[in-house]
Amino acid sequence: MMHFDPTLPLKYWDALLIGLWMSLRLTLICLVLGVALGFLTSQARRARFAPLRALAVLYVELFRGTPVLIQLFWIFYCLPLLLGFEPGNFASAVIALSLYAGAITSETFRASLKSIPREQYDTCRALGITGLSLALWVVMPQALLRAIPTLLSNAVALFKESALISAVGMADLMFIGSSISNRTGRPVEMLTAVAIIYFVVAFPLTRVVGRVEARILRRLAV
């Protein structure tokens, strides 16, 4: 009977750290792109131009209503057929996770925008502040502040979803852990170590979300 060797993953700690760095780097890139895309999409859903609103709704519902793995596979395998060239697994992973992050963060921004009192818009218009200036200097700072707790939760979810990119050959934490487990024939030790690493990174972030949310709620209550 095979025994459980908890020290086995320690022999491959350098490879696991390289995989973790790839997962964190990809998560950060996709989060930044996703937040920008999400804010623009939330603005598009409030636009007066009906086709633009319909396009934004279609994008959000499509990416919220389908599995991330399917989106990743479609972009990796089908997008090259439309583009005529292969963007590569890294670019495909960035595109897929950024579009997914943009869809979920757009709902976060939409909810935070709704919480901004209508009187502020009327006051800005009365002072002559309209259009891009209103969006950048009045709406966006408040929307970001109110959305921070949910955005942090989205970041944690995106980090965990990034494990799916191993399916298209990206050498992230999950891919390296699976490769080592296949080569050594010890999946229990390696996959347990990978799960612990994901937890060690994600758990403190979830605690931070709670503290930040409580602090922002106190600030908004003043």
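None of the values given here were measured: they were computed from a predicted structure. FYI, side chains are in, hydrogens and waters are out, and symmetry mates aren't considered; it's all heavy atoms of this structure.
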side-chain contact (heavy atoms from CB on, under 4.5 Å) filter on Phe203, not counting sequence neighbours, yields Phe199, Thr206, Arg207

Residue pairs meeting side chain to side chain donor-acceptor pair (under 3.5 Å), one or both in residues 148-162, sequence neighbours left out, come to Thr108-Asn154

CG of Leu99 to OG1 of Thr41, rounded to nearest 0.5 Å, is 9.0 Å

I'd like to know if Phe90 and Tyr100 are part of one continuous hydrophobic network [Ile/Leu/Val/Met/Phe/Trp/Tyr, side-chain heavy atoms within less than 4.5 Å].
yes

For Val156, the other hydrophobic cluster members (4.5 Å side-chain criterion, sorted by chain and number) are Leu205

Exercise for the section: Please tell me if the side chains of Ser92 and Val168 come closer than 4.5 Å, counting only heavy atoms from C-beta onward. Expected result: no

In a table with atom names and distances, give each donor-acceptor pair under 3.5 Å that connects a side chain of residues 71-85 to protein atoms at least two apart or in another chain.
residue : atom : partner : partner atom : Å
Gln71   : NE2  : Phe63   : O            : 2.9
Gln71   : NE2  : Thr66   : O            : 2.9
Gln71   : NE2  : Thr66   : OG1          : 2.8

Contacts table for residues 174-182: side-chain donor-acceptor under 3.5 angstrom, sequence neighbours left out:
residue : atom : partner : partner atom : Å
Ser178  : OG   : Met174  : O            : 2.9
Ser179  : OG   : Phe175  : O            : 2.8
Ser181  : OG   : Gly177  : O            : 3.4
Ser181  : OG   : Ser178  : O            : 2.7
Asn182  : ND2  : Ser178  : O            : 3.2

Tracing side-chain contacts under 4.5 Å among Ile, Leu, Val, Met, Phe, Trp and Tyr outward from Val200 reaches Ile196

Original post:
Among the clusters formed by ILVMFWY side chains lying less than 4.5 Å apart, do Leu69 and Leu97 turn up in the same one?
Top reply: yes

Counting only heavy atoms not in Glu61, do more than 12 sit closer than 6.0 Å to its CD atom? yes

Residue pairs passing the salt bridge (charged side-chain N to carboxylate O under 4.0 Å, His left out) test with at least one member in residues 42-55, sequence neighbours excluded, are Arg45-Glu107

Besides Ile70, the hydrophobic cluster formed by Ile, Leu, Val, Met, Phe, Trp and Tyr side chains linked at under 4.5 Å, directly or via other members, contains none

d(Met170 CE, Ile165 CD1) to nearest 0.5 Å is 4.5 Å

Test side-chain contact (heavy atoms from CB on, under 4.5 Å) on Tyr59 and Leu37; report intermediate values, then the result.
CA-CA 11 Å; Tyr59 156 61; Leu37 181 60; 3.1 Å; yes

Review point. So if you build clusters from Ile, Leu, Val, Met, Phe, Trp, Tyr with side-chain heavy-atom gaps below 4.5 Å, do Val201 and Leu152 land together?
Key: no

Ring pair (Phe, Tyr, Trp, His ring centres under 6.0 Å) filter on Phe109, not counting sequence neighbours, yields Phe39

Which side-chain N or O atoms in residues 9-34 pair as donor and acceptor under 3.5 Å with protein atoms at least two apart or in another chain?
residue : atom : partner : partner atom : Å
Ser23   : OG   : Gly19   : O            : 3.2
Ser23   : OG   : Leu173  : N            : 3.2
Thr27   : OG1  : Ser23   : O            : 2.7

- Query: Has the side chain of Ser98 got a donor or acceptor atom that lies under 3.5 Å from a matching backbone atom of Ile95?
  - Reply: no

Sorted by chain and number, sequence neighbours left out, side chain to side chain donor-acceptor pair (under 3.5 Å) with Asn89 holds for none

Original post:
Under 4.5 Å between side-chain heavy atoms, hopping through other hydrophobics if needed: is there a path connecting Leu62 to Val60?
Top reply: yes

